[in-house]
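A short write-up of the structure that comes next.
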Amino acid sequence: MTITSHASDAMVAIPFWLEMFAVVAASISGVLVAREHKLDLVGAVALAVVCGLGGGLLRDMTLQVGNVYILNQPMALPLSIATAAIIYIFPAIVDKPEKLIPLLDIISVGIYAATGADKALVYGFAPAVCIMMGFFTAVGGGMLRDGFMGVVPGIFQRTNFYAIAAIAGSTSYVCLVMSGIMSNVAALIVCVVVTMGLRWLSLRFDIKSPTEEDIARFLHRKK
Amino acid sequence: MTITSHASDAMVAIPFWLEMFAVVAASISGVLVAREHKLDLVGAVALAVVCGLGGGLLRDMTLQVGNVYILNQPMALPLSIATAAIIYIFPAIVDKPEKLIPLLDIISVGIYAATGADKALVYGFAPAVCIMMGFFTAVGGGMLRDGFMGVVPGIFQRTNFYAIAAIAGSTSYVCLVMSGIMSNVAALIVCVVVTMGLRWLSLRFDIKSPTEEDIARFLHRKK
Amino acid sequence: MTITSHASDAMVAIPFWLEMFAVVAASISGVLVAREHKLDLVGAVALAVVCGLGGGLLRDMTLQVGNVYILNQPMALPLSIATAAIIYIFPAIVDKPEKLIPLLDIISVGIYAATGADKALVYGFAPAVCIMMGFFTAVGGGMLRDGFMGVVPGIFQRTNFYAIAAIAGSTSYVCLVMSGIMSNVAALIVCVVVTMGLRWLSLRFDIKSPTEEDIARFLHRKK
C-alpha cells in the first residue's frame with residue numbers, strides 16, 4: 001500500500017503546547033547529560049537537539065508522508081536550542097540534576113509515545129505500525145544520544161522497564177483513541193501515566209526484563 | 001530526476017515467503033549475537049529487529065518512494081519479534097550458535113542483496129543505483145547492529161570478503177534481471193549462490209581485501 | 001505545511017563542478033582518515049563514500065522532496081569511489097596527509113554548507129530550516145564517519161570552531177541569496193571564505209567554544 005492521502009496539520013490532535021513541553025523536557029535532559037559528559041556549549045546544544053527532536057526525525061524519515069516535524073514546526077528547533085543554552089549557561093536553575101534527568105526523560109518518553117503514535121494514526125497507518133512509531137519516537141532521541149556519546153543505548157542494556165514502558169504507553173494510546181472512548185488529550189494523559197507508572201513500579205520493586213538465566217531458571221522450575 | 005511513478009506492490013517480483021525466510025534468518029542471527037553480548041529479552045528482540053529489518057528501512061529511507069517495508073508489510077515486524085522471542089526463550093532449538101551466526105548472516109545478506117536491488121529496479125532507478133541499494137539493504141542491518149553494540153562495523157574492519165560478496169551478489173542479480181535471460185527468482189538464487197560462494201571461498205583460502213602494505217608490496221614487486 | 005511543489009534539478013543554482021569538487025575533497029579526507037585507522041581497501045572506499053555523500057544523504061532523508069542526490073546524480077558515487085581507490089592505492093599522490101585532512105575537510109564543509117542550504121532554498125523552505133540543512137549537510141558526513149570509527153563525533157567534543165564555522169557559513173549563504181545582492185556562486189564563495197576563515201582564526205588564536213567553567217568564571221567576574 002502506498003500512502004496517497006496527505007493529512008493536514010490541523011488533524012494532528014495533540015495540543016501544540018504539550019508537544020513543546022516534551023521538547024523542552026527532553027532538551028533539558030539532553031543538556032544535563034551533556035554536562036555530565038563535560039561537553040562544551042556547542043556540543044551541549046547539539047545533544048539537546050538530538051534528544052528533543054531526534055526521535056521525531058527518525059519517525060518522519062520512516063513514515064515518509066512529507067510532513068517533517070523539524071521542517072514544518074517553526075518553534076521546535078529554536079525552543080530546543082534556547083532551552084539548552086539557558087540551562088547550560090545558568091545551571092543553578094536546575095536543582096539536583098542527577099534526579100531530574102531520569103524524570104524529565106521518562107516524561108518526554110511518555111508524551112512522545114503518544115504524539116508519535118498519533119501522527120501515524122492521523123495518516124491512516126495500521127494499529128501495529130502506530131504502536132511501533134510511538135515507540136520509535138519515544139526512544140529514538142535517547143538512542144541517538146547514547147550512540148553519539150559512544151555508549152550502548154539503554155534499550156540494549158539490562159535495565160528496569162524503559163522500552164516496555166514506552167511500548168505499553170504507545171499501545172494504550174492507540175487502543176484508547178481507536179476505541180473512541182476518550183479524547184486524544186485524555187488518551188495522551190493515560191499514555192504518560194502508564195509509561196511513568198510502569199517505569200516507577202519497575203524501579204520501586206527492582207523489576208527488570210528477563211535474562212537468559214532468569215528464563216532458564218523459570219523453565220527449569222516448572223518441570 | 002524526481003521519481004513520479006509509484007510502482008504497486010504487485011510488481012515486486014520476489015516471492016513473499018523468500019523475504020520472510022530472510023527476515024527469520026537475520027532475526028535469528030541477531031538474537032544469537034544479542035545472547036553473546038548478554039542482552040536481556042527486550043534488548044535481544046530489539047537487536048533482532050534491527051538485523052532483520054534495519055537494512056530494508058535504510059533502503060526505503062533512501063529511495064523515498066513512499067513504500068516503506070516495515071510499514072506496509074504487516075507480517076515482517078511480528079515475525080521478526082516472534083522469531084527472536086522464541087529463540088531467546090528456547091535456546092536449545094539452535095545447535096552450535098557460533099557456527100550458525102555467520103551462516104544465517106550470509107544467507108540473509110544474499111537474499112537482501114537481491115530484494116534490495118529488486119525494489120530499486122521495480123521503481124525504475126539506474127542500474128548502478130540498484131546495485132548500491134542491494135548492497136545497502138544487505139549490509140545495513142549488520143552495520144546498525146554493530147553500531148548499537150559499540151563495535152566498529154565489519155565492513156570497516158579487515159575481514160574476508162563480506163562487502164565484496166554482497167556487491168558481487170547484487171551486481172549479478174541486476175545484470176541477470178536486466179538482461180532478461182532468467183526469472184527474478186532464478187536470478188535471486190544466483191545472487192545468493194554468488195554471495196555465499198565468494199564468502200566461503202574467501203574463508204576457505206583466507207583471501208582478504210588488500211591493505212596498504214599488500215598494495216605497496218604488489219606495486220614494488222612489479223617495478 | 002506539506003511540501004507540494006517539486007522543484008526541478010535545473011533550479012539548483014550551484015554549478016555541477018563545484019559539487020563534484022566537494023565530493024572529491026571530502027572523499028580524499030575520508031580515505032586519509034581510513035588509512036590512519038588502518039582500514040583495508042574496501043573499508044577505506046566505504047568510509048570515503050560516507051564522508052563524501054553521507055551529509056547529503058542525511059539532508060535528503062530529512063527534506064523528503066523525492067530528489068535524493070546519490071540516486072539522481074549519476075557521477076557522484078562513482079567519482080567518490082574512484083577518488084578513494086586511487087588515493088588508497090597510490091598514497092604518494094598526497095603529500096603530508098596529517099596537514100591535508102583538516103584542510104580538505106573544512107573546504108568540503110564550506111561548500112556543503114552552501115549546497116545544503118541551497119537545496120532547501122530551492123524547495124521553498126523557511127530560512128531557519130535552510131540554515132539548519134546547510135549545517136546538517138556540512139557536518140553530517142564527518143559525524144557518520146566518526147560514529148562508524150567508534151569515535152565521539154567532533155561536534156560533541158571540545159574543539160576550535162567547527163560547528164560554529166559551518167553554521168556561520170550556512171547563515172551567510174542564506175542571507176546573501178535571499179537578499180538578492182549577489183549570485184549563488186558568489187554567495188557560495190563567501191560561505192566558503194567565512195567557514196574557512198572562522199576555522200582558521202579559531203585555530204590561529206586558539207579560540208574554543210566555551211565550557212561550563214569558562215561561563216561560570218565569566219559570570220562571576222561580572223558581579
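Below, read A as the first sequence line, B as the second, and so on, with proteins coming before strands; counting in each chain starts at 1. Treat the numbers as computed from the prediction; the structure is a model and nothing was measured.
- Between chain C and the options B:Val151, B:Ile155, B:Thr62, heavy-atom pairs under 4.5 Å are most frequent for B:Thr62.
- Between B:Asn184 and B:Asp118, the side chains place a donor N or O and an acceptor N or O closer than 3.5 Å (distance only, hydrogens not considered).
- Contacts of C:Val45 with chain B are absent, with no heavy-atom separation under 4.5 Å from either backbone or side chain.
- Residue contact with chain B, scored on non-hydrogen atoms closer than 4.5 Å, involves the side chain of C:Leu57 exclusively.
- The closest side-chain heavy-atom distance from B:Val129 to B:Met133 is below 4.5 Å.
- Interface remark: C:Ile70 contributes backbone and side-chain atoms alike to the contact with chain B (heavy atom separation under 4.5 Å).
- Between the C:Ser170 side chain and the C:Ala166 main chain, no donor and acceptor come within less than 3.5 Å of each other.
- C:Ser172 places a side-chain N or O within donor-acceptor distance of the main-chain N or O of C:Gly169, the cut-off being under 3.5 Å.
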Q. What do the steps show when you test C:Tyr69 against C:Glu19 for side-chain hydrogen bond (donor to acceptor under 3.5 Å, both in side chains), and what is the final call?
A. CA-CA 11 Å; C:Tyr69 192 67; C:Glu19 288 187 344; 2.8 Å; yes
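- For chain B, the option among C:Pro74, C:Gly147, C:Ala46 with the highest count of heavy-atom pairs below 4.5 Å is C:Ala46.
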